[in-house]
Amino acid sequence: MTTTLRRAVPAALALLLLVGPPSVRPALAHGFGQTYDLPLPLWLYLWGAGAAVLVSFVPISLFSGGARKEEPYGYPRYDLLGISPLRAVLTSRALLSGLKLVSVSLFLLVVLAGFIGEQGEGYNFAPTFVWIIFWVGLSFFTAFVGNVWPLVNPWKVLFEWTDGLAGGRLEMREPYPDAWSVWPAVALYAAFVWIELVFYGASLPLSISLLVLAYSVLTWSGMSVFGKGAWLRGGEAFSVYFGILGRFAPTEVRVKGSRPCRDCEACQPAKGGCVNCYECFAAARPEERELDLRPPAVGLVRPERPSAGGTVFVILMLAGVAYDGLLATPLWLEIVRLTPVTQTAGLFLMPLLFVAVYLGFVKLSQLAGGG
């Protein structure tokens with residue numbers, strides 16, 4: 001570990017401490033807004049949710065067989081960049097630069113609104129943008145349209161701009177430990193879910209701004225020490241999160257041939273080619289790039305071997321959503337009375353329950369499949 005890294009880590013921790021202890025405020029049991037009782041019996045809601053999950057496996061199963069075959073792609077696709085007018089729009093410098101500028105402007109507006117704006121969550125831009133537009137809206141957009149986070153990630157954009165002004169000297173490119181995998185992103189995502197569901201100050205604009213700055217210090221320190229690409233793959237929680245959601249999307253970016261993949265540390269293209277590797281896509285020549293329309297959710301069955309940390313990240317995503325719903329049930333409210341200790345304990349017990357269920361079904365699959 002270099003001297004710069006030893007200095008960067010304490011600085012990041014010091015900024016985290018600026019957030020301070022949670023203020024004494026009524027708990028909302030969510031990042032922003034009030035909870036409401038469903039106009040349905042709980043048992044009916046649970047059965048409906050289970051049926052929705054079961055039915056969702058149907059389209060996946062229709063294409064999973066093709067993805068395992070030796071054919072080039074395994075599922076139908078159509079290159080949207082092959083349409084000349086659409087290619088001109090989607091690849092125009094004005095559009096790409098404009099999206100980055102809008103992203104950075106919104107990022108700065110959230111920070112400024114938290115510091116100098118009205119501190120009532122209903123009258124400030126920061127809580128509305130973070131918990132509704134960014135967290136909910138961009139998540140749905142990623143799953144139903146495509147993953148634009150690698151393009152509009154404000155931490156990445158600001159780092160690239162600053163690195164350009166510094167002549168490319170910001171990245172020290174220390175070797176990223178293989179054992180870390182995506183575990184830093186797992187830890188940061190778990191902290192984010194705790195803030196959303198448990199932390200009393202989650203909807204307080206000042207807390208949001210301080211937390212954004214703290215995360216910024218951690219992210220830019222990681223990019224500077226290990227390199228932008230390495231930290232985005234393993235340490236930037238939202239890059240990992242939106243990358244997983246992007247597997248559901250009906251679009252993908254693809255690189256033709258293997259030339260851009262030769263120098264890519266992240267790329268391990270399968271028989272279907274280099275898909276959704278945004279580092280290769282950025283390095284590829286225009287004629288090597290594709291933006292493909294594909295059947296929804298087929299990205300889930302691509303022949304890629306996930307890491308243990310990646311599996312835990314997915315389990316945390318599922319457990320976090322499930323716990324969010326559990327917090328609003330009358331039974332849970334009666335048991336815990338919305339105290340931070342019991343809420344935190346429940347939040348960390350829920351992933352363990354998901355792990356147990358997951359391992360149980362893995363075992364059942366092994367028994368049913370003969371190994």
Give a yes or no on whether the backbone of [Y] and the side-chain of [X] come within a donor-acceptor separation of less than 3.5 Å.
X: Glu290; Y: Asp292; value: no
X: Arg289; Y: Phe281; value: yes
X: Thr162; Y: Phe159; value: no
X: Ser103; Y: Leu99; value: no
X: Arg247; Y: Gly299; value: yes
X: Asn124; Y: Pro205; value: no

Of all the heavy-atom pairs spanning [X] and [Y], show the shortest one and how long it is.
X: Tyr176; Y: Gly235; value: OH-N, 4.2 Å
X: Ala185; Y: Ala237; value: O-CB, 3.7 Å
X: Phe226; Y: Pro177; value: CE2-CD, 3.9 Å
X: Val111; Y: Ser209; value: O-OG, 2.9 Å
X: Ala126; Y: Val110; value: CB-O, 3.8 Å
X: Pro250; Y: Val145; value: CD-O, 3.6 Å

Under 4.5 Å between side-chain heavy atoms, hopping through other hydrophobics if needed: is there a path connecting [X] to [Y]?
X: Leu291; Y: Leu293; value: yes
X: Tyr78; Y: Leu81; value: yes
X: Leu96; Y: Val104; value: yes
X: Leu359; Y: Leu352; value: no
X: Phe134; Y: Val102; value: yes

* To do: Would you sort out whether Trp231 and Glu171 count as a side chain to side chain donor-acceptor pair (under 3.5 Å), showing the intermediate values?
  => CA-CA 11 Å; Trp231 191 254; Glu171 297 184 71; over 6 Å; no
How far does [atom1] of [X] sit from [atom2] of [Y], to the nearest 0.5 angstrom?
X: Leu210; Y: Leu204; atom1: CG; atom2: CG; result: 9.0 Å
X: Trp131; Y: Glu121; atom1: CH2; atom2: CD; result: 12.5 Å
X: Ser224; Y: Arg173; atom1: OG; atom2: CZ; result: 11.0 Å
X: Leu95; Y: Ser97; atom1: CG; atom2: OG; result: 9.0 Å
X: Ser181; Y: Phe313; atom1: OG; atom2: CZ; result: 11.5 Å
X: Ser203; Y: Ile195; atom1: OG; atom2: CD1; result: 12.5 Å

* To do: Output, in order, the C-alpha distance, side-chain angles, deciding distance and verdict of side chain to side chain donor-acceptor pair (under 3.5 Å) for Glu252 and Asn147.
  => CA-CA 8 Å; Glu252 65 185 19; Asn147 184 13; over 6 Å; no
* Salt-bridge present (Lys228, Glu160; N to O < 4.0 Å) -> yes
* Asked: Taking NZ, NE, NH1 and NH2 as the nitrogens, is one of them in Lys256 or Glu288 under 4.0 Å from a carboxylate oxygen of the other?
  -> no
* To do: Test side chain to side chain contact (heavy atoms under 4.5 Å, CB included) on Val157 and Leu101 and set out the steps.
  => CA-CA 9 Å; Val157 174; Leu101 184 60; over 6 Å; no
State, yes or no, whether a side-chain contact exists between [X] and [Y] at a heavy-atom distance under 4.5 Å.
X: Arg233; Y: Val182; value: no
X: Met317; Y: Ile244; value: yes
X: Pro150; Y: Ser239; value: no
X: Leu170; Y: Trp220; value: no
X: Phe125; Y: Leu106; value: yes
X: Pro286; Y: Arg87; value: yes
X: Ser365; Y: Val362; value: no
X: Leu165; Y: Trp161; value: no

* To do: Output, in order, the C-alpha distance, side-chain angles, deciding distance and verdict of salt bridge (Lys or Arg N to Asp or Glu O under 4.0 Å) for Glu236 and Lys156.
  => CA-CA 10 Å; Glu236 210 279 282; Lys156 175 187 174 185; over 6 Å; no
* Asked: Under the side chain to side chain contact (heavy atoms under 4.5 Å, CB included) criterion, do Leu211 and Phe192 qualify, and how do the steps go?
  -> CA-CA 10 Å; Leu211 288 166; Phe192 180 82; over 6 Å; no
* So Val152 and Lys100, side chain to side chain contact (heavy atoms under 4.5 Å, CB included) or not? Walk me through it. -> CA-CA 5 Å; Val152 301; Lys100 293 179 180 180; 5.9 Å; no
* Asked: Without hydrogens or angle criteria, can the side chains of Ser207 and Tyr200 be said to hold a donor-acceptor pair below 3.5 Å?
  -> no
* Asked: Are the aromatic rings of Trp135 and Tyr241 close, with centres under 6.0 Å apart?
  ->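 Between Trp135 and Tyr241, the centre distance is under 6.0 Å.
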* Asked: Less than 6.0 Å separating the ring centroids of Phe141 and Trp149?
  ->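 When the ring centroids of Phe141 and Trp149 are compared, they turn out to be at least 6.0 Å apart.
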* To do: Only counting residues at least two apart or in another chain, list the ones meeting side chain to side chain contact (heavy atoms under 4.5 Å, CB included) with Val193.
  =>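 If we apply the side chain to side chain contact (heavy atoms under 4.5 Å, CB included) test to Val193, skipping adjacent residues, the hits are Tyr189, Leu197, Leu347.
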* Under the ring-ring contact (aromatic ring centres under 6.0 Å, His included) rule, what pairs show up with a residue in residues 96-120, not counting sequence neighbours? -> Phe107-Trp155
* Give the C-alpha distance, both sets of side-chain angles, the deciding distance and a yes or no for side chain to side chain donor-acceptor pair (under 3.5 Å) between Tyr358 and Thr311. => CA-CA 10 Å; Tyr358 170 73; Thr311 302; 4.8 Å; no
* Assess whether ring pair (Phe, Tyr, Trp, His ring centres under 6.0 Å) is satisfied between Trp194 and Tyr323, documenting all intermediate values. => CA-CA 11 Å; Trp194 180 85; Tyr323 190 65; over 10 Å; no
* **CA sep, side-chain torsions, deciding dist, call: Leu245, Ser139, side chain to side chain contact (heavy atoms under 4.5 Å, CB included)** => CA-CA 7 Å; Leu245 286 184; Ser139 295; 3.8 Å; yes
